[in-house]
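All values below come from the heavy atoms of this structure, side chains included, with hydrogens, waters and symmetry mates left out.
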Amino acid sequence: MGSLDLSSGSEVVTIHVNEAKNLLQSGYRYIDVRFISIDNRTVEEFEKGHVEAENILNIPYLFITPEGRVKNPEFLKEVSSLCKEEDRLIVGCQSGVRSLAATADLLKIGFKNVHDMGGGYLAWVENGHPIKMEEPKKIQEPAIVEDKPNEEL
C-alpha cells in the first residue's frame with residue numbers, strides 16, 4: 001500500500017486491511033492504538049467496536065485530556081513490556097493516522113516486524129471484516145444508606 005521512510009533506516013510499511021486480516025489469521029498480534037479518555041469519562045473507541053483478532057492489545061497512543069490530545073508517555077514502555085522486538089505486529093487505529101505514527105515510533109526503538117494497517121478500523125469495517133464489541137464497563141454507584149434513629153428497647 002505504501003511506506004514512510006524513517007531517518008533511522010527503517011521504513012513504515014502500510015498494508016491493506018485484507019492483507020492485515022490474513023496476517024492476523026497467520027499469528028500476527030494486533031495493537032489497537034485508539035483513543036482513551038484520561039479521566040475515563042467517555043466510552044473508549046475500543047469498547048465501541050474493534051478488529052476481531054485472536055491476539056489483540058489495546059494500548060492507546062493518545063489520551064484525550066481537558067487540555068486536548070496528549071501522546072501517551074508510557075506507550076513504548078507498555079508495548080515493550082508486552083511484546084518482543086521480534087514479534088510480528090500490526091498496528092491499527094480508527095482511520096490510519098495514529099497507527100502510522102505509533103508504528104514509526106516502534107520501528108525507531110528496534111521493533112523489526114511491525115506493519116501499519118492502512119485506513120484503520122474504518123477501512124476494516126468498510127471491507128466487511130469481523131468486529132467485536134465489548135460490553136460497556138458499568139460504574140457501580142455507591143449504596144445509599146439511610147440513617148435511622150435507634151429504636152428504644
Side-chain angles (χ1 to χ4, degrees), residues 1-8 10-17 19-21 23-24 28-85 87-147:
M1 205 170 167
S3 65
L4 173 69
D5 189 24
L6 301 174
S7 59
S8 67
S10 300
E11 70 176 31
V12 174
V13 176
T14 299
I15 59 174
H16 190 275
V17 293
E19 185 177 355
K21 181 177 184 269
L23 291 175
L24 289 169
Y28 273 67
R29 178 177 253 184
Y30 186 80
I31 300 177
D32 193 312
V33 296
R34 292 186 289 161
F35 283 124
I36 185 172
S37 171
I38 201 148
D39 59 7
N40 287 324
R41 286 186 303 174
T42 60
V43 176
E44 297 176 30
E45 288 178 335
F46 186 80
E47 289 177 352
K48 291 180 185 177
H50 56 85
V51 168
E52 186 175 297
E54 184 74 28
N55 197 346
I56 186 168
L57 297 171
N58 177 226
I59 305 173
Y61 187 69
L62 296 174
F63 291 125
I64 300 171
T65 70
E67 293 78 32
R69 297 175 182 181
V70 176
K71 187 174 175 181
N72 176 359
E74 300 295 317
F75 175 74
L76 295 174
K77 183 179 176 182
E78 289 179 45
V79 174
S80 295
S81 73
L82 297 168
C83 303
K84 296 177 182 137
E85 289 180 354
D87 286 354
R88 300 175 306 159
L89 306 172
I90 296 173
V91 181
C93 63
Q94 187 73 9
S95 64
V97 176
R98 281 169 276 165
S99 61
L100 185 64
T103 301
D105 284 353
L106 290 169
L107 288 168
K108 284 179 188 174
I109 66 163
F111 280 83
K112 297 168 184 27
N113 198 3
V114 56
H115 304 292
D116 168 51
M117 186 174 79
Y121 176 74
L122 296 175
W124 181 271
V125 171
E126 196 173 277
N127 280 268
H129 298 311
I131 63 168
K132 183 173 182 181
M133 297 178 141
E134 303 290 327
E135 289 292 321
K137 294 176 184 152
K138 295 180 182 177
I139 299 172
Q140 190 164 355
E141 297 289 329
I144 298 173
V145 178
E146 293 182 28
D147 287 335

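Applying the side chain to side chain contact (heavy atoms under 4.5 Å, CB included) test to Asn113 and every residue at least two apart in sequence or in another chain returns Tyr28, Arg88, His115. A search for salt bridge (Lys or Arg N to Asp or Glu O under 4.0 Å) contacts involving Glu78 returns nothing, not counting sequence neighbours. With sequence neighbours left out, Lys71 forms a side chain to side chain contact (heavy atoms under 4.5 Å, CB included) with Tyr61, Leu62, Asp105. Residues satisfying the side chain to side chain contact (heavy atoms under 4.5 Å, CB included) criterion with Leu82, sequence neighbours excluded, are Arg29, Leu57, Ile59.
Looking at Ile56, Asn58, Leu23 one by one, the single match for side-chain contact (heavy atoms from CB on, under 4.5 Å) with Tyr30 turns out to be Ile56.
Between Gly120 and Val17, the shortest heavy-atom distance links the atoms O-CG1, 4.0 Å. Smallest separation of non-hydrogen atoms from Ser80 and Ile109: OG-CD1, 3.7 Å. In this structure, Ala102 and Val91 approach most closely via the heavy-atom pair CB-CG1, 4.1 Å. Between Ser99 and Cys93, the shortest heavy-atom distance links the atoms N-SG, 3.4 Å. What you find for Cys83 and Ile31 is that their closest heavy atoms are SG-CD1, 4.3 Å.
A distance of 11.0 Å separates NZ in Lys77 from CG in Asn72, rounded to the nearest 0.5 Å. Residue Leu106 holds its CG atom at 11.0 Å from CG of Asp87, rounded to the nearest 0.5 Å. Rounding to the nearest 0.5 Å gives a distance of 12.5 Å between CZ of Arg98 and OG1 of Thr103. To the nearest 0.5 Å, atom CG of residue Leu24 and atom CD1 of residue Ile90 are 4.0 Å apart.
Among residues at least two apart or in separate chains, salt bridge (charged side-chain N to carboxylate O under 4.0 Å, His left out) pairs with a member in residues 110-119 are Glu85-Lys112. Sorted by first then second residue, the salt bridge (charged side-chain N to carboxylate O under 4.0 Å, His left out) pairs that include residues 49-64, not counting sequence neighbours, number zero.
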Which pairs would a plain distance check flag for residues 122-129, meaning a side-chain donor or acceptor within less than 3.5 Å of a matching protein atom at least two apart in sequence or in another chain?
{"residue": "Trp124", "atom": "NE1", "partner": "Pro130", "partner atom": "O", "Å": "2.7"}
{"residue": "Asn127", "atom": "ND2", "partner": "Ala123", "partner atom": "O", "Å": "2.8"}
{"residue": "His129", "atom": "NE2", "partner": "Asn18", "partner atom": "OD1", "Å": "2.7"}

Between Val51 and Asp32, is a side-chain contact (heavy atoms from CB on, under 4.5 Å) present by the stated rule, with each step listed? CA-CA 8 Å; Val51 168; Asp32 193 312; 5.6 Å; no
